[in-house]
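Every value quoted in this text rests on a predicted model; they were computed, and no experiment measured them.
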Amino acid sequence: MQKEKTKRLVLSAVFLALGMVLPLLTGQIKEIGDSLLPMHLVVMLCGLVCGAKYGMAVGALLPFVRSITFGMPPLYPNAIWMSLELLTYGLVIGLIYSRAKKQSTLWLFFSLICSMLAGRVVWGIAKAILLGVGGKAFTLQMFIAGAIVDAIPGIILQLVLIPIIINLIKYATKGVLERKDSKMKCVEFPYGKEKIKHEFGEELLGVLDSSINHYTPEHDEITLVENAIKNPVGTAPLSEMARGKENIVIIASDHTRPVPSKIIMPLMLSEIRSTAPNAKITILIATGCHRGTTKQELVDKFGEQIVENENIYIHDCDESEMLVSIGTLPSGGECIINKIAYEADLLVSEGFIEPHFFAGFSGGRKSVLPGVCARETVLANHCSEFIDNPNCRTGILEGNPMHEDMLWAAKTARLAFIVNVVLNDKKEVIFATAGDAEKAHKAGTDFLASLCGAKAIEADIVITTNGGYPLDQNVYQAVKGMTAGEATVKRGGVIIMLAKSNDGIGGDHFYHQLADEPDINKTMELFLSRNRNETVPDQWQTQVMLRVLTHASVIYISEMPDEIIEKMHMTPAHSIDEALKIASQILNNESPTIVAIPDGVSVIVHK
């Protein structure tokens with residue numbers, strides 16, 4: 001990264017020097033010397049070779065440096081309009097040429113002509129304004145003469161020489177200066193509903209990515225889910241289980257999860273109604289301790305038809321009259337769940353499976369705990385003791401006490417049938433599993449584990465994300481992606497986290513636990529001193545984030561206000577380039593090594 005910048009700066013300095021000297025040489029040619037436009041030529045080449053911002057900088061500086069050094073052009077007003085003209089040449093030609101998928105000679109001519117036109121328009125406007133200030137006229141005839149007629153020798157020279165020089169450079173360097181250069185690697189990072197592209201050079205040690213994104217399923221999304229429902233693992237088909245049932249509840253994930261409910265839910269409803277057409281069916285939205293899902297979010301998730309025609313209830317972890325105790329968790333906490341789920345004569349769920357930063361994997365049993373549990377049950381399960389347990393980590397189920405609590409809750413609540421899917425980075429279904437809450441879930445986690453493992457590569461800087469929308473809607477959820485960076489960044493290094501966070505922080509408790517105490521070590525000590533029944537809301541998420549922050553600095557790229565991010569012990573940034581500059585300053589290292597994790601929630605990083 002830094003080497004590439006240094007190279008372009010040095011080349012820009014060379015072009016600036018050429019722009020100083022070349023007019024002295026062409027000026028010796030009688031009659032046409034002044035019309036060869038040597039400074040135009042130099043600035044355009046700089047924009048093509050070094051990039052738009054370097055071409056713009058050289059174009060802006062060149063007339064002033066020549067004026068100060070040689071007395072020509074006159075500083076005012078000539079140097080001003082020449083500077084504006086030249087910087088436009090460098091900027092426009094660099095921008096247009098770099099946007100090409102294939103930088104052909106034809107595209108080079110197009111970039112060159114666009115640059116010539118833009119520069120001359122800017123020159124004409126600037127000259128008209130500056131002369132007008134001095135009480136002098138600048139007519140259309142004067143513009144045509146100066147911009148076109150008198151410049152014909154220079155225009156011809158540029159059209160002939162620039163393509164020849166650029167193609168010679170390409171040939172001599174075998175494409176080193178191409179934007180699509182083989183030594184440069186372009187990585188796409190999901191950000192909201194978009195993707196941010198960034199090119200890396202030799203500083204990039206590797207990209208930790210799940211091979212899920214390269215997996216080709218045997219069938220389309222609907223067929224995969226249909227086949228899973230009709231061929232369940234460890235249970236009878238859903239249609240048989242629904243026969244004779246009168247009160248059926250389907251637990252569905254909330255707005256923070258990218259579950260493809262528009263595919264899954266219609267298939268589940270159809271299967272149930274094929275044998276229980278008169279059953280009361282309730283779709284129970286598993287919000288856990290999240291805010292309630294809005295109607296528009298329900299429409300986005302299920303489609304208008306289901307939202308308008310089905311009975312949907314949004315779980316509220318604090319709605320005491322809708323909660324019932326079903327026993328004591330293995331860890332000792334009381335298990336209190338939504339009574340709509342517990343009173344069902346058939347309880348089923350939909351969901352998706354991905355690596356989870358302390359439950360091992362999402363999906364399956366998590367529909368019940370934390371999905372439809374009381375706040376106090378979620379708090380007890382998410383206690384500091386469990387979060388601190390080395391088995392409560394991404395991709396680990398065996399010996400994971402949090403998973404054991406969740407599994408107990410699902411069995412005790414009589415979760416009889418699940419439909420879970422695995423998604424790629426495009427949020428497309430590539431695998432589906434259905435049936436018993438434990439056995440079908442294990443089939444999904446086994447599939448996922450076989451594809452999403454990546455070996456850690458220690459680096460000074462790790463750039464990671466939360467996989468884009470909907471998982472990067474707030475800072476709270478973004479902690480998950482940070483843990484992937486934590487697993488591979490050097491101690492004392494920097495994690496650059498991209499999460500749009502257009503929905504805000506994601507939790508007041510989470511924010512204040514971080515923002516109200518300047519000493520993160522004191523907060524961590526406080527959390528670890530609490531037993532499970534003293535756990536407070538969002539403590540677990542804050543605890544994980546504190547663990548990350550004690551390991552590495554975090555630079556956060558988002559739409560959040562800078563002051564909020566700073567209070568949360570992170571450094572705000574608004575682009576990858578800006579974040580990398582800040583990271584270099586933090587590390588006091590001009591050539592830091594980098595590892596990219598395009599989707600921090602879909603990969604399991606192994607030491």
Side-chain angles (χ1 to χ4, degrees), residues 219 221-254 257 259-287 293 298-299 301-315 322-324 326 337-353 363-369 371-373 409-421 429 432-441 443-444:
H219 305 288
E221 297 178 275
I222 294 175
T223 303
L224 287 171
V225 177
E226 279 180 332
N227 289 346
I229 292 173
K230 293 184 181 299
N231 300 281
V233 178
T235 68
L238 180 57
S239 57
E240 291 302 313
M241 297 182 74
R243 190 183 300 276
K245 300 298 189 295
E246 297 179 354
N247 181 24
I248 299 173
V249 174
I250 306 173
I251 300 176
S253 299
D254 70 359
R257 303 294 186 266
V259 179
S261 300
K262 288 180 181 177
I263 294 174
I264 300 173
M265 191 58 68
L267 294 174
M268 292 184 75
L269 290 170
S270 175
E271 195 74 7
I272 290 168
R273 287 183 172 132
S274 68
T275 56
N278 299 317
K280 176 188 175 183
I281 300 175
T282 301
I283 299 173
L284 180 59
I285 306 300
T287 56
T293 304
L298 290 174
V299 171
K301 180 178 179 62
F302 297 109
E304 288 188 9
Q305 184 174 353
I306 286 179
V307 173
E308 295 301 326
N309 296 303
E310 301 295 340
N311 179 33
I312 299 176
Y313 194 91
I314 299 171
H315 169 71
M322 292 299 296
L323 302 171
V324 60
I326 64 171
I337 72 169
N338 193 297
K339 68 180 182 181
I340 292 175
Y342 193 61
E343 292 172 357
D345 52 16
L346 177 63
L347 180 64
V348 301
S349 72
E350 58 138 46
F352 88 118
I353 304 172
R365 73 283 186 239
K366 280 186 97 261
S367 292
V368 175
L369 174 58
V372 295
C373 280
K411 289 180 177 179
T412 307
R414 304 187 304 276
L415 180 61
F417 193 95
I418 67 168
V419 180
N420 279 191
V421 297
V429 177
T433 181
D436 179 75
E438 183 175 8
K439 294 176 182 177
H441 183 250

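- A pairwise comparison of heavy atoms in Ala413 and Val368 identifies CB-CG1, 4.1 Å as the closest pair.
- Considering all non-hydrogen atoms of both residues, Phe417 and Pro232 come closest at CE1-CB, 3.7 Å.
- Remark: Lys262 NZ is packed, more than 12 non-hydrogen atoms of other residues, nucleotides or ligands lying under 6.0 Å away.
- The line from CG of Leu369 to CD1 of Ile337 is 10.0 Å long, rounded to the nearest 0.5 Å.
- A side-chain donor-acceptor contact under 3.5 Å links Thr287 to the backbone of His315.
- The heavy-atom pair separating Gly351 from Ile264 by the smallest distance is O-CD1, 4.3 Å.
- A donor-acceptor pair is defined here as one N or O able to donate and one able to accept, closer than 3.5 Å; such a pair exists between the side chain of Asn420 and the backbone of Gly364.
- To the nearest 0.5 angstrom, Asp345 atom CG is 11.5 Å from Met241 atom CE.
- Between the side chains of Asn311 and Thr282, a donor-acceptor pair is found at a separation under 3.5 Å.
- Within the model, atoms CD1 of Ile418 and OG1 of Thr433 stand 6.0 Å from one another, a figure rounded to the nearest 0.5 Å.
- Salt bridge present: Arg273 and Glu310 bring a charged side-chain N and a carboxylate O closer than 4.0 Å.
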| Would Leu269 and Ile250 count as a side-chain contact (heavy atoms from CB on, under 4.5 Å) if you check the C-alpha gap in whole Å, the side-chain angles of each, and the deciding distance to 0.1 Å? | CA-CA 9 Å; Leu269 290 170; Ile250 306 173; 3.9 Å; yes
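- The side-chain heavy atoms of Val233 and Lys439, taken from C-beta on, include a pair separated by under 4.5 Å.
- For the residue pair Lys245 and Leu346, the shortest heavy atom distance occurs at CG-CB, 4.0 Å.
- No side-chain heavy atom of Tyr313 sits less than 4.5 Å from a side-chain heavy atom of Val372.
- Between Pro266 and Ser261, the shortest heavy-atom contact is CD-O, 3.3 Å.
- Of all the heavy atoms in Ile251 and Ala286, the pair that sits closest is CG2-CB, 3.6 Å.
- In this structure, the side chains of Val348 and Val419 stay at 4.5 Å or more apart for every pair of heavy atoms.
- Counting heavy atoms from C-beta on, the side chains of Glu271 and Ser239 come closer than 4.5 Å.
- At distances below 3.5 Å, at least one donor-acceptor pair connects side-chain atoms of Arg414 with backbone N or O atoms of Tyr342.
- Between atom CD1 of residue Ile306 and atom CE of residue Met265 there is a gap of 6.5 Å, rounded to the nearest 0.5 Å.
- Atom CG of Asn338 is separated from atom CD of Glu343 by 9.0 Å, given to the nearest 0.5 angstrom.
- Atom CD1 in Ile229 sits 5.0 Å away from atom CG in Leu267 (nearest 0.5 Å).
- Around CD1 of Ile222, the count of heavy atoms belonging to other residues, nucleotides or ligands within 6.0 Å does not exceed 12.
- Under the 4.5 Å side-chain criterion, counting only non-hydrogen atoms from C-beta, Val259 is in contact with Lys301.
- Atom CD of Glu240 has more than 12 heavy atoms from other residues, nucleotides or ligands within 6.0 Å.
- Considering only heavy atoms from C-beta on, Val421 comes within 4.5 Å of Pro260 through its side chain.
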